[in-house]
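These numbers come from the heavy atoms of this one structure, side chains and all, not from hydrogens, waters or symmetry mates. If you read the sequence from its start, that first residue is 1, and numbering goes on from there. Counting starts at 1 for both ligands and their atoms, in listed order.
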Amino acid sequence: MMQTLASAQPDILQKMIFGETPAPSEAAAWSDGLFLMITWFSIFCFVILMALMVFFVIKYRRRPGVPAQPSPHHNLHIEILWTVIPSASMLVMFVYGFWGYSYKIVSPDNALEMRIQGSKWSWIATYPNGSSSPETQPLSKMIVATDTSTSVTQGKEYPIFYVPENTDIRLRMMSTDVIHSFWIPEFRTKMDVVPNRYTGFGFRTPKLTANDTVIYHDAETKKNTTIAGRDMWVFCAEYCGDDHSRMAATLRIVSQEVYDQKMADWSVQLSPIDAGKKIWTQICKSCHETDGTRLVGPTWNSVKNSDGQFGFGYDAELADGSSVMRDANYYRESILDPNAKVVKGFAPAMSSYQGQLSDEDIDNIISYIQSLSDRNPNAGEDAGSSETESDTEAAGSDS
Ligand code: HEC
Ligand SMILES: [Cu+2]
C-alpha cells in the first residue's frame, strides 16, 4: 500500500525534488508520494486558473463602442462545482496524510522500543537491555591547516545507533533541557523532543540489499572491515543553541545477527527492568503489588481484578468518571503528580516523587511496569504474550 502511491509518480519529478529514486524507505515513499500528489494537484489548478484568466481577459477585454456586459452574480451549478471539487480534493489529501501520519505514530505491538535522550548537543539512544552504543564515527572529514603542514583530521565523532533490518522500531524520546527534534531524513520523519514529556514515532527499517555495505571499525582489532549495513543520518531539526548543527548521529541498519551480537557485547549489569524492579521493591511495594493484589494503590500487572483495573496499555478509569490510556506519559505523570489523575476506587494517598526519582529512575520504573503487561511494546525481547491488539500507541505520543 505504502509503495503504490509513490510508484504512481513519475520518477523524474521524484528525482528533481528528492534527488533519489527509488525512495530510501517505505515511509519516505509514502511521504514523497503524497508530496508529489499535492504538487501535481497544485500544478493542475495553477494551469487551469491561469489559462482561464488569460482567456477571459482577452475575450471580455474592453473595446471602444461596446458597452460592458452586466456580470452575473449567482450561478448555483458553478458554485456547487467550485465547492465540491476543491473540498473533495482536500479530503483525499487529508485522508492520505492522516493515513501516513498514523502509520508513523502508531507502531505495531512488539516493535523494538528505543529510548532517545536529547540534550545540548547530543543524542543518546538506549536499547531495551539498557545499553547504549559506545561506537562513534565522524560525519565528515575536516582539513585542518597547521603551521607546518596540512593534515586531514577527523571531525567531531557522532554516535552510531544500531538497529536490525526489516524491523519495526519505536522511539520513546525526552529532552533533558530545551526542545530538540529527532529527524531521520530518510524516513521523512521528525518529531519534537521536549523536556518532561515523552514523544515518539515509529518506522520500519528497510531490508538490506547486496549494495548496502558500511565500513565497520572493530575496536578490538583496530581494523576496518566492510559489513552489510546501511547508514542514515540523524539530525536535530529544532534550533537549540550554539552547536545545534553538530547535534547528529548515525542510524546504522544491520542484520539481526550483528544487532544481537552488539546487544550481547554491550549488555549492562542491571537492565532497565531490573533497575525499575529494585526501586519498586524499595519504595513502591508497600502500596503497589504486581500480582493482582489490591493494596493502598492499584496493582501494576495487566490482570483484571475486582476493581476492573488493568496495567500498561489499558485504559484507567479515573475518579472523575473519565478514562485515560495508561501509556508512558500517564505513568510519568502518576509518579510526579499522582493527584492529577486519581484512579477510580482509590484514595489520593500517594505523594509526589518529584525531586526524589530521576528521569532515568522513572524510565526504569516504566520499563518494569511495561514488562508486567501483556501489551508490553518489547514483548519480543522480554516475557509477555503477543496476543495483543494493535491499538496501543507509540510511547503515548500525541504531538
Ligand atoms: C502510600 C502508598 C503509595 C506509595 C508508597 C506509592 N503509591 Fe503509587 N499510588 C497510590 C495510590 C493510592 C494510587 C491510586 C490513586 C492515584 O491514582 O493517585 C497510586 C497510583 C499510582 C499509579 C497509577 C496506577 C494506575 O493503575 O493507573 C502509578 C503509576 C503509581 N502509583 C506509581 C507509583 C510508584 C512508581 C511508586 C514508588 C516510587 C508509588 N506509586 C508509590 C499509593 C502509593
Ligand atoms: Cu537540538
Distance-only check: which donor-acceptor pairs under 3.5 Å involve side-chain atoms of residues 73-87, not counting sequence neighbours?
{"residue": "Asn75", "atom": "OD1", "partner": "His77", "partner atom": "N", "Å": "3.2"}
{"residue": "Asn75", "atom": "OD1", "partner": "Ile78", "partner atom": "N", "Å": "3.3"}
{"residue": "Thr83", "atom": "OG1", "partner": "Glu79", "partner atom": "O", "Å": "2.7"}
{"residue": "Ser87", "atom": "OG", "partner": "Thr83", "partner atom": "O", "Å": "2.5"}

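Taking the ring centre of Tyr127 as origin, the terminal cationic atom of Arg115 falls outside the region bounded by 6.0 Å and 45° from the ring axis. Both cation-pi conditions hold for Arg172 and Tyr198: the charged atom is under 6.0 angstrom from the six-membered ring centre and inside a 45 degree cone around its axis. Lys262 forms a cation-pi arrangement with Tyr162, by the criterion of a distance under 6.0 Å to the ring centre and an angle within 45° of the ring axis.
In this structure, Glu165 does not pair ionically with Arg230, as no charged nitrogen and carboxylate oxygen lie closer than 4.0 Å.
Counting backbone and side-chain atoms alike, Met350 contributes an N/O/S atom closer than 2.8 Å to atom 8 (Fe) of ligand 1. At a threshold of 2.8 Å, atom 8 (Fe) of ligand 1 has a backbone or side-chain N, O or S atom of His288 nearer than that distance.
Judged as a salt bridge (Lys or Arg N to Asp or Glu O under 4.0 Å), not a single pair has a partner in residues 53-72 (not counting sequence neighbours).
Heavy atoms of Lys341 found under 4.0 angstrom from ligand 1 belong exclusively to the backbone. Residue contacts with ligand 1, taken as heavy atom pairs separated by less than 4.0 Å, involve Cys284 via backbone and side-chain atoms alike. In Ala347, the part holding a heavy atom less than 4.0 Å from any atom of ligand 1 is the backbone. In Ile335, the part holding a heavy atom less than 4.0 Å from any atom of ligand 1 is the side chain.
Nearest to atom 11 (C) of ligand 1 by heavy-atom distance, out of Gly297, Gly276, Ala319, is Gly297. Taking only non-hydrogen atoms, the option from Tyr330, Tyr368, Phe312 nearest to atom 23 (C) of ligand 1 is Tyr330.
Annotation for ligand 1: atoms under 4.0 Å from non-hydrogen atoms of Ser334 are 22 (C), 23 (C), 28 (C), 29 (C). Each of the following atoms of ligand 1 lies closer than 4.0 Å to a heavy atom of Tyr331: 29 (C).
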**Message:** Working note: Lys190 + Glu238, criterion salt bridge (Lys or Arg N to Asp or Glu O under 4.0 Å); need CA distance, chi angles, decisive distance, verdict.
**Reply:** CA-CA 10 Å; Lys190 56 187 166 190; Glu238 190 73 61; over 6 Å; no
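Legend: residues meeting side chain to side chain contact (heavy atoms under 4.5 Å, CB included) with Arg204, ordered by chain and number and at least two apart, are Tyr103, Asn166, Asp168.
A donor atom on one side chain and an acceptor atom on the other are not found under 3.5 Å apart for Thr209 and Asn211.
For the Cu ion (ligand 2), protein N/O/S neighbours under 2.8 Å (waters excluded) are His180 ND1, Cys236 SG, Cys240 SG, Met247 SD.
Between the side chain of Thr250 and the backbone N or O of Arg252, no donor-acceptor pair lies under 3.5 Å.
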